[in-house]
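Contents: one structure, followed by commentary.
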Protein chains: 2
Amino acid sequence: MASTPRRRQESRPSLSRARVLEGAVRVADERGVTAVSMRKVAEELGVEAMSLYHHVANKDEVLDGIVDLVFAEIELPRDEPDWRAAMRRRASSAREALLRHPWALGLMDSRRTPGPATLTHHDWMIGRLRQAGFSLSRTARAVSTLDGYVYGFVLQESSLPFRTPEELEGVATAMVDAFPAGGYPHLTEMIRAHALSQGYAYAEEFAPGLDLILDGLETLRNAPC
Amino acid sequence: MASTPRRRQESRPSLSRARVLEGAVRVADERGVTAVSMRKVAEELGVEAMSLYHHVANKDEVLDGIVDLVFAEIELPRDEPDWRAAMRRRASSAREALLRHPWALGLMDSRRTPGPATLTHHDWMIGRLRQAGFSLSRTARAVSTLDGYVYGFVLQESSLPFRTPEELEGVATAMVDAFPAGGYPHLTEMIRAHALSQGYAYAEEFAPGLDLILDGLETLRNAPC
DNA sequence: ACCTGAACACCGTTCAAGT
DNA sequence: ACCTGAACACCGTTCAAGT
């Protein structure tokens with residue numbers, strides 16, 4: 001009787017919640033969130049879909065779990081005396097993690113059960129700002145402004161219709177050519193005179209916008225109540 | 001022979017791309033994006049799933065289309081002399097539209113084909129800032145900072161684990177109680193001393209954070225190159 | 001205890017057939 | 001021209017059966 005080879009049992013560690021989530025992240029990275037099905041994650045792990053249910057309750061828990069894994073990748077500097085430098089490092093690490101896993105932002109609006117890494121992240125943000133002298137309510141404002149900027153910036157960045165400098169010229173030219181005559185004059189100018197002539201530089205907008213916010217927060221920090 | 005009643009043909013206008021998209025928005029609003037299937041949208045319209053394919057190419061076009069419909073709901077003030085006031089009105093209108101349709105943010109990271117309302121929106125942003133005296137490259141920075149803030153703020157707002165002031169107390173208390181002893185001390189303080197004592201006020205953080213950014217942009221606008 | 005085959009109620013999409 | 005039934009290759013999840 002010819003049985004299928006038992007590749008997994010011989011070459012891989014047994015299943016666990018962590019391995020299920022890692023497999024799901026790999027599927028999402030390689031084929032997009034829409035490809036994250038219990039069957040595909042199982043296949044990635046060399047196992048049957050039904051086996052996953054021994055380690056996670058359902059697909060929702062998988063989605064919560066992979067968002068938390070992305071948060072776990074964000075650096076939270078512990079030894080940075082300057083609060084603005086600490087926030088800059090956290091923000092650029094967050095941007096990198098979210099660009100590595102752009103599906104995470106798409107999941108965030110539907111996730112309502114923060115995992116341990118997410119909670120640790122929020123705790124660090126609040127703690128570091130408190131330590132810098134922000135009052136509780138000013139800390140709340142600072143967190144929402146900073147996180148808002150980071151998430152929103154990456155969301156725009158990952159919805160740009162091109163991924164590499166090489167793609168930019170082709171896509172931008174084709175897009176402008178497809179505009180109805182006289183439609184979107186300002187957008188056309190921006191694409192022609194700025195984006196196309198200066199090359200692909202969207203990423204370079206991240207730091208200046210962030211500094212603008214940090215400067216505003218520094219003023220807030222020192223303002224009399 | 002008992003045929004099923006032809007409700008649609010008698011009581012409803014015939015199908016069109018616009019009606020398909022409106023149906024999809026209704027399904028997404030009422031039952032979440034995950035419920036937006038060709039079959040459910042068709043059911044919402046009193047029609048069979050296969051009929052939709054005469055008006056849209058595939059489900060991807062439906063998703064592109066409903067994101068564009070959300071952009072179409074955002075007010076773009078045409079008669080506001082003060083650029084900051086114009087940006088404030090646009091931003092709060094955008095926040096409202098995105099809160100009405102929170103699934104739109106979740107779709108944005110995977111949409112790469114902007115529709116006419118999205119293009120009109122970007123064209124307005126660029127045009128209004130240019131008119132206020134921003135250079136092309138400063139306009140690019142202003143747009144990415146402002147849109148980033150708005151999208152990110154609403155993304156945080158819609159991933160809060162509560163929807164109403166009533167829910168806040170129960171959810172926040174339960175969450176803090178579930179924390180491991182000594183874990184997340186700063187987050188606990190924030191929830192206990194700020195969020196719970198001052199009531200549900202996250203929405204009130206939107207305008208101050210936005211003003212902080214607008215002030216920074218005003219400085220940028222006037223700075224020597 | 002952990003894994004899985006079969007089953008059920010769903011998906012998106014094609015295609016040939018109806019009107 | 002527009003609509004649809006049947007079909008195909010997928011989904012998430014349950015449950016009973018295997019080891």
Side-chain angles (χ1 to χ4, degrees), chain A residues 1-24 27-28 30-67 103 106-107 110-111 113, chain B residues 1-24 27-28 30-67 103 106-107 110-111 113:
Chain A
M1 70 271 214
S3 68
T4 52
R6 297 189 160 220
R7 182 170 52 85
R8 191 193 61 73
Q9 299 237 349
E10 290 160 34
S11 64
R12 296 199 163 187
S14 76
L15 225 45
S16 67
R17 186 186 145 84
R19 294 219 325 112
V20 170
L21 298 182
E22 285 157 18
V27 172
E30 286 161 18
R31 308 198 262 169
V33 228
T34 53
V36 178
S37 67
M38 298 303 269
R39 291 169 206 253
K40 292 235 182 74
V41 172
E43 191 187 21
E44 172 79 26
L45 297 167
V47 113
E48 298 300 317
M50 305 76 205
S51 308
L52 306 181
Y53 286 91
H54 290 276
H55 302 94
V56 291
N58 49 36
K59 187 178 171 181
D60 241 45
E61 200 174 296
V62 172
L63 297 180
D64 281 335
I66 62 178
V67 168
W103 42 264
L107 286 178
S110 59
R111 298 298 104 199
T113 316
Chain B
M1 67 282 209
S3 67
T4 51
R6 299 189 160 217
R7 183 169 52 84
R8 192 193 62 74
Q9 299 236 346
E10 289 160 34
S11 63
R12 296 198 163 189
S14 77
L15 224 45
S16 67
R17 186 186 146 84
R19 295 220 325 111
V20 170
L21 298 181
E22 286 157 17
V27 172
E30 286 161 19
R31 307 198 262 169
V33 228
T34 53
V36 178
S37 68
M38 298 303 270
R39 291 168 208 253
K40 293 236 183 72
V41 172
E43 191 188 22
E44 172 79 26
L45 298 166
V47 113
E48 298 300 318
M50 305 75 204
S51 307
L52 305 182
Y53 286 90
H54 288 277
H55 302 95
V56 291
N58 50 35
K59 188 178 171 182
D60 240 46
E61 199 174 297
V62 173
L63 298 180
D64 281 334
I66 61 178
V67 168
W103 42 264
L107 286 177
S110 58
R111 297 299 104 200
T113 316

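In what follows, chains are A, B, ... by sequence order, proteins preceding strands, each numbered from 1.
In terms of phosphate contacts, B/Ser37 brings a side-chain nitrogen or oxygen within less than 4.0 Å of OP1 or OP2 of C/dC11. Using a 4.0 Å cut-off, no side-chain N or O of A/His55 falls inside it from OP1 or OP2 of C/dC2. For B/Lys40, a side-chain nitrogen or oxygen approaches OP1 or OP2 of C/dC11 to under 4.0 Å. Using a 4.0 Å cut-off, no side-chain N or O of B/Ser51 falls inside it from OP1 or OP2 of D/dC2.
Atom pair B/Arg17:CZ and D/dC2:C1' shows a separation of 18 Å (rounding to whole Å applied). Taking atom OH on A/Tyr53 and atom P on C/dT4, their separation rounds to 14 Å, with Å as the unit.
Without hydrogens or angle criteria, B/Asn58 side chain to B/Glu61 main chain gives a donor-acceptor distance under 3.5 Å.
With both pairing distances under 3.5 Å, C/dG12 is matched to D/dC8 as a Watson-Crick or G-U wobble pair. In this structure C/dA17 sits in no base pair that meets the Watson-Crick or G-U test at under 3.5 Å. Base pairing of D/dC3 is not made with any nucleotide, judged by Watson-Crick or G-U wobble geometry with both donor-acceptor distances under 3.5 Å.
The side chain of B/Glu48 has D/dT4 as its nearest neighbour among C/dT13, D/dT4, C/dG5.
Residue order along DNA chain D, read from the 5' end via each residue's closest nucleotide, puts A/Met38 first among A/His54 and A/Met38.
Across all strands shown, A/Val36 has heavy atoms under 4.0 Å from sugar-phosphate atoms exclusively, and none from any base.
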